[in-house]
Each structure stands twice: as C-alpha cells, then as structure tokens.
Amino acid sequence: MAPSKFPDEVNVFLVPHSRMKDLVGTYMDQLSTADFHSNGALEHLLPLLENTFTEFKSHEHIENQYILEQLKQRLKLVNVTSKAVCNCHGDSQLVEILNLLRDGYTCTSKPISEQISFGSQLQKAVSDFTQHFIPHMQEEEEIFQPLLMKYFAHEELLLLKEQVIQQHEIWKDKLMAQKETAENMLALLDTVASEVTDYRSGNDEEYQETLQTLVELTCENLTKNNKIEGHTVLEAGFDNLPQEMMLHIFSYLNPLDRTRCAQVSKHWNMLVYSPQLWKVIYPTNWAKGYYDFQYRDPYTLVESEWKIKSMLEDSDDLMSDSEDILSSQAEKEIQCYEKFTVNALVRIGEGVQRLVVAGGLHLNSTILRSMLVLCPNIKHLDASYTNITDLSFKGLASKKACVHLEHLDLTGCRLVTDVGLERLGNCFKSKLSGSFYKCGSCQSCKSCPKYQAPLDNARYNSNGSLVEDEVFSPGLLYLSLSGCTSVTDFGLQSLLEVTLQKESLSYMDLSGCPMMSGQGLKMITEHSSRLQPEDVYYCNRIQEGPYPDEANGCQNLGCPIRGCCCFDQ
C-alpha cells in the first residue's frame, strides 16, 4: 500500500488501523500454526481470538461514534450525501465470528474429530472476514479521510484523532480491569475449593453449610474490592466517567456555564457541544442576558422597547439618548445571534427540536434562515414579536429544513406575507405530492371545477388517497399568525396544504388578519377534524366565518404591538 498522502497529525485512522493490522497478522499466525489434532490447542486458541475480535468490535463502535457519526452530521449540514458513509459497518460478520468463538468452548471437551471440524470452520470464517476487513480499512482511509479533510478544520481533526486514540486507551484499561477482576475471582474461588476440600467431613449437611458460608465470604470480599477499585477510578478524574454520565451532568448546567466548561479541555468542549444536549434553545433570551432554558413571555421582552420608541416620537429632548440605548442594545443582540449561529449552532443544530427566538426585534431574516437550515429537525418554532420577513423562509424546502415542524408561532410578525407562508408550506411537501388546492376559492374538494389535479407521477392508494411516504411532514398541530396583517387565504392555504391532508391541526389563531375570508376559514376548519371551536381565533371584521357562536374573537383588540385592524396604527 502506498504511503498516506495525508499528514499523520490529522489522519484519524492511522493509529487505530495500525493496531488492527497488527492484530490481523497475529491471529493469522495463531491460526496457521494451530494443530487442532492436539488436545488443548482449541482451548488455548479460543480466548486469544475472542480478545482480538472483541477489540475489533470495540474499534468499530469507536469509529461509528467518534468518526462516522461526526462525518454524517457535517455532510448533512452541507447538504452532501454519501452512500459509503451511510452503509459503513452495516454487516454482521464480527457478531457472527464472536458467536462462533463462544460456541467453540463447548467443543473443547468433545472428541478430537469434532474439534478438527470446528477448527476448519473457524479458519474459513476468519479468512472470509479478513478478506473483507483489510479492503474495508483501506476504503476508510481512501474515501472517508478525504471527506474529513475537506469538511473539517485542522483543529477539529486534531481533536477528533485525540478522542479516537483516547477511547481506545480507555477500552484497554477497562479490559485490563475486567481481567484483573476475573483473576481475583478465580483465585478466591480456588481458595474456597481448597478450604472446602480440607474441611470435608462425612457430614454432607455440615459440608453444604460450610460451602455456602465460604462462598458468601468470597462474594462479600470481591464486592468490597470492586467498590474500592470503583472509588479509586472516580477519584482519578471526572474524565474517566462514562460519556453518557458526563453528558447527563452537563445537562443540568445553564448555557453560560456550559460554554465555560467547554474552555476547560478539548474533551469537555466536544461533550458540551454534543447535539443531544441542545434539544431546546433560546437565542433571544441569551442575547438579552437571560442565560437559562426558561420560557419568557416575549410580549414583556418587547414592551419596554416599544415604550422607548413611543417616547422618541413624543419628545425630541430624549431622542438622542434613547437612540443610543436602542442602537447599543441592538448591536449587542445582533452580535450574539451571529456568534451563536457561527460558533455553536453549526455543531449542535442537528439536535435542536425547539427553537425560540420570540421577542428578538433585532433578529434579521438572514440569521433566522441560517438557524433554520442548521436545525433540520426542529418541531417547534417560535419567532413571535420579531421583524422577520419572507426572506427567512427562502429556499428552505431545497435544504430539507422545517420538514418536521409541528408548532409554528409567528405572532406579531407583520412583515411576513403570503410569500413566506407559501415557502414554509413547500417545506412540508415531497416533490411528488399533488396539490390539495390552489385556487384560493371557498371550495377545496375534487368536485370543485378549479381543483388542480395532482401530478401524474404521484403515488396513491386504492382509495385514491396520497401514499403516506410521499409526505414527510406530520403536519402542523399549532399555528398562530396573530397580527400578520398582510396574509390572505392563499398564503394560509399554501401553508396548510399538507396539514389538511393529515388533519393534524388542533389550534389556530388568526387574530388581526383582516384579509382572510370567512369562506376560506370555513374550508380550513372543515378539513381539520381535531380543531375545536374554542381553539379558533380570527378577526372580528371577517364575515361568515366558521363557528360564529362558538369560536373566539380577535385577541388583538387595541394591541399596538401584535397588530389589529381596529386599532389606529
């Protein structure tokens, strides 16, 4: 094999693969020199091979968790698909060989003929594995390492290599500890057997009592030793704890403390920015100095700024100082959004399921769009009381963003129009799914002459309904467009097209949306079996709307912040 063209310092496969190749050479020598015609040959060989293939299994697990999983996440972020990465380590050869080796222990007491037969079977299985394993390692070096070099920074690769080597060392230490414990147990059991034999008398009942007492003492002694060893390991350092336990501990810290911990070491940095720790994020709260994971009413966050703006309009004397306060706060928040997106969200975005930027008046649409692209698995988006525009949702469908969205709150987003809603609606649909309706009229069933037929290549069940796997989205459960004064029937219908197919909607607030029609809203409610009248809100000026005696009226009456058609704005 030609020398690696990648620098050794960032070649994450170099050290572990060197070890694996040494192991291959060792077990091939052991198998080639094994004489299965001799008693004890199989008994001697089995534990050696079991240790070797257990290490292979550990190596595979470490590669999956610390290299391939990181590579998969990074490729998703840049919208790159690699079948090689997805299918790696998908076979079960290692498991089969380990099972075969464990079955081999039952052959050690059988006749030589059966031991010879098992030996031949073992040699063939190991030979087949080796023919696959060597090219597999070469494939990793020639395909995955270039991808790592291309999409990871030099410092990231240094950290990744260090983590991989460290995990192999931890595994070796655990193996040595298990071996030592096993040897202690064997020694104690040998002592028990010796003492019981010496004490053996003609009284079987007395013999059984003595045996039970000695076994209990042995177990108690072994337990004490294990506790002492476990205590020593814990005192050796926090880093020796299992990764799952460390992540659980970090989960109790607030965002500020987590970022401080990330500066302690490279290991802590990687753990702190594990996606599973950041399922819920509140960038606006953090930009305003609230470093926790608590929801805050966004109305209270924007109310003070709204009052300052009102003061600017009423008094020229206060204008200069107030403008300085606003501009300083705005600059600080904008920098916080940008730094969080560039430095943190690119690493944790895969794990985010709930994104709350409510009350972020200084959040611009470009930053929010970047957040949505980096968080492809969000189910809950709260962008209420922001000045975002339709640009926030441009091209999200092509990035496969917002596909899983179930909760959408755009309360007070006056600059969002039908264009933005249609862009969001496109995120929920597959390329083959047909149009549920597009005419914008009061009817949506197939009997409507304006109904647009689905595409010819869409797949349907025998009853004519769209095949489920053609629609990726579960549909919206919660929708608030309160104060989105520019949206019309077309925008709402475009947004809810897949939702109505799923009949998933259970809450809808359209307060302060006077451009909706009553007939259009009726069509929505007729195709939303879960939507109860008490969970429907719409503008008081809309005539002939659904549930006229049961639905709630507009919640924005006299509210200058959310927007209301009845308020002089």
Side-chain angles (χ1 to χ4, degrees), residues 4 6-23 54-78 82 84-86 88-89 136-137 139-177 233-234 236-251 253 258-278 343-351:
S4 173
F6 306 108
D8 290 350
E9 61 179 352
V10 292
N11 189 340
V12 299
F13 297 103
L14 180 63
V15 174
H17 279 191
S18 296
R19 168 64 177 169
M20 297 304 108
K21 291 170 185 175
D22 289 342
L23 289 176
T54 300
E55 186 169 349
F56 283 151
K57 190 64 180 173
S58 173
H59 163 74
E60 180 182 276
H61 174 74
I62 293 170
E63 278 194 342
N64 281 339
Q65 184 173 359
Y66 289 89
I67 301 178
L68 298 181
E69 189 59 33
Q70 297 288 335
L71 181 56
K72 285 179 185 178
Q73 292 180 8
R74 186 59 54 87
L75 291 180
K76 284 183 181 180
L77 290 178
V78 297
S82 173
V85 176
C86 296
C88 188
H89 295 162
H136 167 70
M137 288 194 292
E139 179 189 39
E140 289 179 332
E141 295 168 5
E142 295 178 354
I143 296 179
F144 300 155
Q145 183 63 35
L147 289 174
L148 291 166
M149 296 288 291
K150 183 176 181 180
Y151 295 108
F152 283 73
H154 184 270
E155 293 74 17
E156 290 180 304
L157 290 177
L158 290 175
L159 175 60
L160 199 58
K161 180 177 180 179
E162 181 180 330
Q163 287 293 316
V164 170
I165 295 175
Q166 184 182 43
Q167 289 302 313
H168 278 279
E169 292 300 322
I170 290 175
W171 181 85
K172 289 180 182 178
D173 291 340
K174 288 182 179 179
L175 186 65
M176 292 299 296
V233 170
L234 289 175
F238 182 73
D239 285 343
N240 289 327
L241 292 175
Q243 180 170 312
E244 294 78 8
M245 187 177 295
M246 295 180 70
L247 288 173
H248 185 69
I249 294 171
F250 284 135
S251 70
L253 302 180
R258 290 185 187 181
T259 56
R260 289 168 177 164
C261 287
Q263 301 174 36
V264 172
S265 67
K266 293 178 179 179
H267 185 206
W268 284 28
N269 186 282
M270 178 171 281
L271 290 174
V272 164
Y273 289 107
S274 298
Q276 58 263 45
L277 273 183
W278 303 86
N343 298 328
L345 208 54
V346 294
R347 300 176 63 182
I348 66 175
E350 284 285 327

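Index from 1, following the sequence. This is a predicted model, so every value here is computed, not measured.
Under the side-chain contact (heavy atoms from CB on, under 4.5 Å) criterion, L148 pairs with V12, F13, I67, L71, Q145, F152, L157, L160, sequence neighbours left out.
The distance from the CZ atom of F144 to the CD atom of E139 is 5.0 Å, given to the nearest 0.5 Å. Considering CG of N269 and CD of Q163, their distance stands at 9.5 Å, rounded to 0.5 Å. The CG atom of L253 lies 10.5 Å from the CZ atom of R260; values are rounded to the nearest 0.5 Å. Taking NZ of K161 as the reference point, atom CG of N11 lies at 6.5 Å (rounded to 0.5 Å). The CD1 atom of I165 lies 11.0 Å from the CD1 atom of I62; values are rounded to the nearest 0.5 Å. Annotation: the span from S265 atom OG to H267 atom NE2 amounts to 7.0 Å, rounded to 0.5 Å.
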Run Q65 and Q167 through side chain to side chain contact (heavy atoms under 4.5 Å, CB included) and show every step you take. CA-CA 10 Å; Q65 184 173 359; Q167 289 302 313; over 6 Å; no
Decide side chain to side chain contact (heavy atoms under 4.5 Å, CB included) for H168 and V164; before the verdict, give the C-alpha distance in whole Å, the side-chain angles of both, and the deciding distance to 0.1 Å. CA-CA 6 Å; H168 278 279; V164 170; 3.9 Å; yes
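Looking at heavy atoms from C-beta onward, M20 lies in side-chain contact with L23 at the 4.5 angstrom threshold. Between E55 and K172 the shortest side-chain heavy-atom distance falls below 4.5 Å. Using a 4.5 Å heavy-atom cutoff, the side chains of E162 and L158 are not in contact. Contact of the M149 side chain with the P7 side chain is registered, since non-hydrogen atoms from C-beta on lie closer than 4.5 Å.
Under the 3.5 Å distance criterion, the side-chain polar atoms of R258 are left unmatched by any main-chain donor or acceptor of Y273.
In this structure, a donor-acceptor pair under 3.5 Å is present between the side chains of H154 and E9. Under 3.5 Å, the side chains of E63 and H59 contain a donor-acceptor pair of N or O atoms.
Here E156 pairs with R74 in a salt bridge; the nearest charged N to carboxylate O distance falls below 4.0 Å.
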